[in-house]
Structures are given as C-alpha cells and as structure tokens.
Amino acid sequence: MATLEKDVHIEVEDMVVKYGDFCAVNRVNFQVFRGEHLTLLGPSGCGKTTILRSIAGLETPCAGEIRIDGKPVYSSPKKINVPTEKRELSMVFQSYAIWPHMSVFDNVAYGLRVRHMQKRDIEEKVMHALTLVGMIEVAKKSAAKLSGGQQQRVALARSFVFGPRVLLFDEPLSNLDAKLRAQMRIEIKEIQKSLRITSVYVTHDQEEALAISDRVIVMNVGYIEQVGPPMEIYDTPKTAFVADFIGAANIISGKVRKDLSVDGIVPVEGPHNTLVYAAVSSKVPEGEAKVSIRTVYLELTPARPEGDRNVWPAKIVRRVFLGDFIQYILSWPEGELVARTSPTEVYSEGESVYIKIDPKHCVFLD
C-alpha cells in the first residue's frame, strides 16, 4: 500500500468497477491533493463518472481501495464500504436537483436543518454561501422562478454550505449555454479556491477542463491515459489519444532518423521523405514513431521564412472562419495538415503558402 503523504487528501488504488462482463474502470490509480481541483476528462463511456460515483459511495467497485484522509471508505481486501452519508462529501449533479416548492434560502438551508443546526447558525451559513455565489438578493425568491444559471448557483451553494471534506462535480455545467458555461467555470474555480476545498470534477468538455483544473486526468475506455497540469497535457501529450482529444493536433507518422539528429532535435521521415524535426525530452524512440503537432503552433507565411528545419511549401485547400480563429486545410508533401491561425492575415483557397513550426512544438508520442 502506498505511503500517505501529508498533503494527499484522496487516494484511489487499483480500483476496478464491472457491470457484468463489462469492465468500466480497470485498475485505476491516482491521488488528489488537499485543496486541489482535479478534473476527470474523457469521452462518454470512458469511466470518469463511475470513478466519481465510487468516491461518493454511489457505486460499489469490485476491487481496490479508496482512502480519504488516509482512512479507507472502500476497501475490497478489508471488506470496508462506508455509506455515502458518512463519507462527509457533497456532490453537484448535472441536473440541479432544486426543490421548486422551496425558496432559494430554504433550498440551501435544507442540509443544515437535517443536521439539526441552530437557527442562528443556519442563517449565518446560508447567507454566507449565497453571498459567495452571488445569490443573496434573491434569497427569498421561489426556486421555481430561477434561470438555469441561477439554479446551478443555488445547487453549488447547497453543496458546500455544511462544510464537506470534498466537493464532487458531475458535469454540472452541461445544461447551460456556452456563454453562461464560461462564466460559471470562473465562478466555480474562484469559490473552490476561496474555500480551499478539495474537489473532483467530471467533464467531457476539454476547454472546461483546461480552464478550471489544477490537474487533469485524461480517461479512455476505463484507463488513465495521462495525468498532469492543463498546460502540460496540452503541450506534451503522451499518446495519440490525448493529442487528438485535447485541443486539435496533426499526427505525423514516420521513421526515426537518429543519424540526422542534432542538439536534442530528432527528425521523423514521412512516407514521402519529408523530415519533421521534433524536440526530445526523454528517450529517443526507435524505428517507426508518431509526432503530434498542435494546429495553433503552425505558422503560415506567403514567402519562405528563414531556416531549413520544419519549413515546407503548402497550398490552402479549404478555409473555415470560426470567429476567434481561421482553420485552414493545407496540402503539403505528406498529405494534409490542419492549421488554426489568427484572422489578422487571411489566405485564400488555392493560395500557395509556406508552413513553419518550431521543433519544440513537435512532440513524440508513446
């Protein structure tokens, strides 16, 4: 069993969850540090919500152990399974679960009344929670008259008002429109930091995960693909799945040419003899390899730029305007590349350009 470090709050060790013959979560291991906001990210069916529900006690794994503050709340070898209500956790669901017949105040106060708190303490805690979520002015308003965003704020206030050890979020923003989602991301992050509470967040939205998290766990078919801070996950994906799922990336396959390496930069030679130079941060791969190139790091110029590494001629096949950026489909010696650039300089379909990419943005994949 792993030694518990003083700043580790939650430990999931060798957890397996099965539904009949289907393995939803396969020997997953990770830690959540005290006060950290950790996000489980992945496509539908990857096991992220099953992990969250297992931490909450709403699902029962068939193997492994879950510890909070060093004490098992679930342990297969020790035959321990602490009931949900005794784990001192709180969960915010995708459906707001607001009681429409109650006022905003009464919705937030419900958990405190169940715990038989003093009336004065209830009022103080509820008003503080509503202040944090910006809902103090509608405390007496009927919950049935709230907008979707307001209902989610009430659900958030209700989740932390009683001081849980851990906050769990199950895709809480998926029912909101894009603008409100972006606003609520910031608010949830600010509240989580102000409360200094450990939180585990589930989403399939990569932008949401990158914006809100201290660390991200990328899940795929029951396994963990990669764990790390958002920028590390984005800039240095470990696998083709992570490169493709987080952001947008071009995956280049070819033969590793160690004989042409220089200053920690090793080229991969494509099927049509194009060399793509990539920076190597660890062991140089052997034989065939794949390199990830983020679409946003490709530079397009009308004239050939300086340098002889990672500079190639190309032609604009298709141009798509997407508001904050323009996406180009480019024909180059190895087939097609996708580039996303600022709309400050616009190229026409059929126009010849040059592509340039810094080798540090070309990442070898496992």
Side-chain angles (χ1 to χ4, degrees), residues 23 26-29 41-43 45-47 206 210 216-300 304-305 307-318 327-340 353-366:
C23 188
N26 199 338
R27 299 228 168 260
V28 163
N29 292 271
L41 172 68
C46 71
Q206 47 157 302
L210 296 177
V216 177
I217 293 177
V218 183
M219 297 284 304
N220 184 27
V221 292
Y223 293 92
I224 291 176
E225 290 270 341
Q226 190 171 347
V227 184
M231 191 167 287
E232 179 184 300
I233 295 279
Y234 183 85
D235 277 337
T236 54
K238 298 293 185 186
T239 67
F241 175 82
V242 175
D244 187 56
F245 188 76
I246 307 290
N250 300 283
I251 309 296
I252 311 298
S253 299
K255 181 182 178 182
V256 178
R257 293 290 306 272
K258 286 186 181 180
D259 56 311
L260 299 177
S261 63
V262 59
D263 299 328
I265 300 171
V266 180
V268 167
E269 185 176 6
H272 300 283
N273 307 118
T274 305
L275 295 176
V276 178
Y277 286 84
V280 178
S281 57
S282 56
K283 185 179 178 181
V284 179
E286 301 281 349
E288 296 292 317
K290 291 183 178 180
V291 170
S292 167
I293 301 175
R294 289 284 178 211
T295 59
V296 295
Y297 291 139
L298 285 168
E299 302 173 41
L300 304 184
R304 183 182 176 88
D308 55 358
R309 291 195 192 120
N310 292 1
V311 176
W312 312 290
K315 182 172 284 189
I316 307 293
V317 176
R318 195 173 305 113
Q327 178 166 294
Y328 295 100
I329 308 297
L330 301 154
S331 172
W332 74 309
E334 295 297 325
E336 284 191 347
L337 279 181
V338 178
R340 290 181 173 179
V353 294
Y354 283 90
I355 307 170
K356 183 177 181 180
I357 178 90
D358 192 318
K360 72 179 181 183
H361 295 309
C362 301
V363 179
F364 278 105
L365 301 172
D366 290 342

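- Asp358 places a side-chain N or O within donor-acceptor distance of the main-chain N or O of Lys360, the cut-off being under 3.5 Å.
- Heavy-atom minimum distance, Pro305 versus Tyr354: CD-CB, 3.7 Å.
- Rounding to the nearest 0.5 Å places CD1 of Ile252 at 4.5 Å from CH2 of Trp332.
- Gln226 contributes a side-chain N or O that, together with a main-chain N or O of Thr236, makes up a donor-acceptor pair within less than 3.5 Å.
- Take Glu299 and apply the side chain to side chain donor-acceptor pair (under 3.5 Å) test, not counting sequence neighbours, and it matches no residue.
- No more than 12 heavy-atom neighbours from other residues, nucleotides or ligands sit within 6.0 angstrom of CG on Asp263.
- Between His361 and Tyr297, the ring planes lie parallel to each other; the angle is under 30°, not in the 30° to 60° tilted range.
- Atoms CE and CD, from Met219 and Glu225 in turn, are 9.0 Å apart once rounded to the nearest 0.5 Å.
- The two atoms that bring Val227 and Glu232 nearest to each other are O-OE2, 3.9 Å, heavy atoms only.
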Verdict with reasoning, Gln327 to Arg318, per side chain to side chain contact (heavy atoms under 4.5 Å, CB included): CA-CA 8 Å; Gln327 178 166 294; Arg318 195 173 305 113; over 6 Å; no
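- Here the straight-line distance linking atom CD1 of Ile357 with atom CG of Leu298 works out to 4.5 Å at 0.5 Å rounding.
- The heavy-atom pair separating Lys258 from Ser261 by the smallest distance is O-OG, 2.8 Å.
- In plain terms, the two heavy atoms of Val291 and Cys362 that are nearest each other are CG1-CB, 3.7 Å.
- Listed here is the closest heavy atom pair of Val268 and Ala289: CG1-O, 4.4 Å.
- Atom CD1 of Ile217 sits about 4.5 Å away from atom CD1 of Ile224, to the nearest 0.5 Å.
- Contact check for Phe364 versus Val266: side-chain heavy atoms found under the 4.5 Å cut-off.
- At least one donor-acceptor pair closer than 3.5 Å links the side chain of Glu334 to the backbone N or O of His272.
- Counting heavy atoms from C-beta on, the side chains of Ile316 and Val353 come closer than 4.5 Å.
- Ser292 OG to Asp244 CG: the interatomic distance, rounded to the nearest 0.5 Å, is 9.0 Å.
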Worked check of side chain to side chain contact (heavy atoms under 4.5 Å, CB included) between Leu300 and Ile355: CA-CA 5 Å; Leu300 304 184; Ile355 307 170; 4.1 Å; yes
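- Using a 4.5 Å heavy-atom threshold, the side chains of Val276 and Ile293 count as touching.
- Closest approach of Ile265 and Pro267 over heavy atoms only: O-CD, 4.1 Å.
- Here Phe241 pairs with Phe245 under the ring-ring contact (aromatic ring centres under 6.0 Å, His included) rule; sequence neighbours left out.
- When atom types are taken as modelled, the side chain of Asn26 and the backbone of Tyr223 share no donor-acceptor pair closer than 3.5 angstrom.
- Remark: Leu41 CG to Ile246 CD1 distance equals 4.5 Å, nearest 0.5 Å.
- Within the 3.5 Å criterion, the main-chain N or O of Ala243 finds a donor-acceptor partner in the side chain of Arg294.
- A heavy-atom distance below 4.5 Å is found between the side chains of Val338 and Ile329.
- In summary, the side chains of Tyr277 and Asn310 do not present any donor paired with an acceptor at a separation below 3.5 Å, with no hydrogens or angles considered.
- Counting only heavy atoms from C-beta outward, the side chains of Tyr234 and Val296 approach each other to under 4.5 Å.
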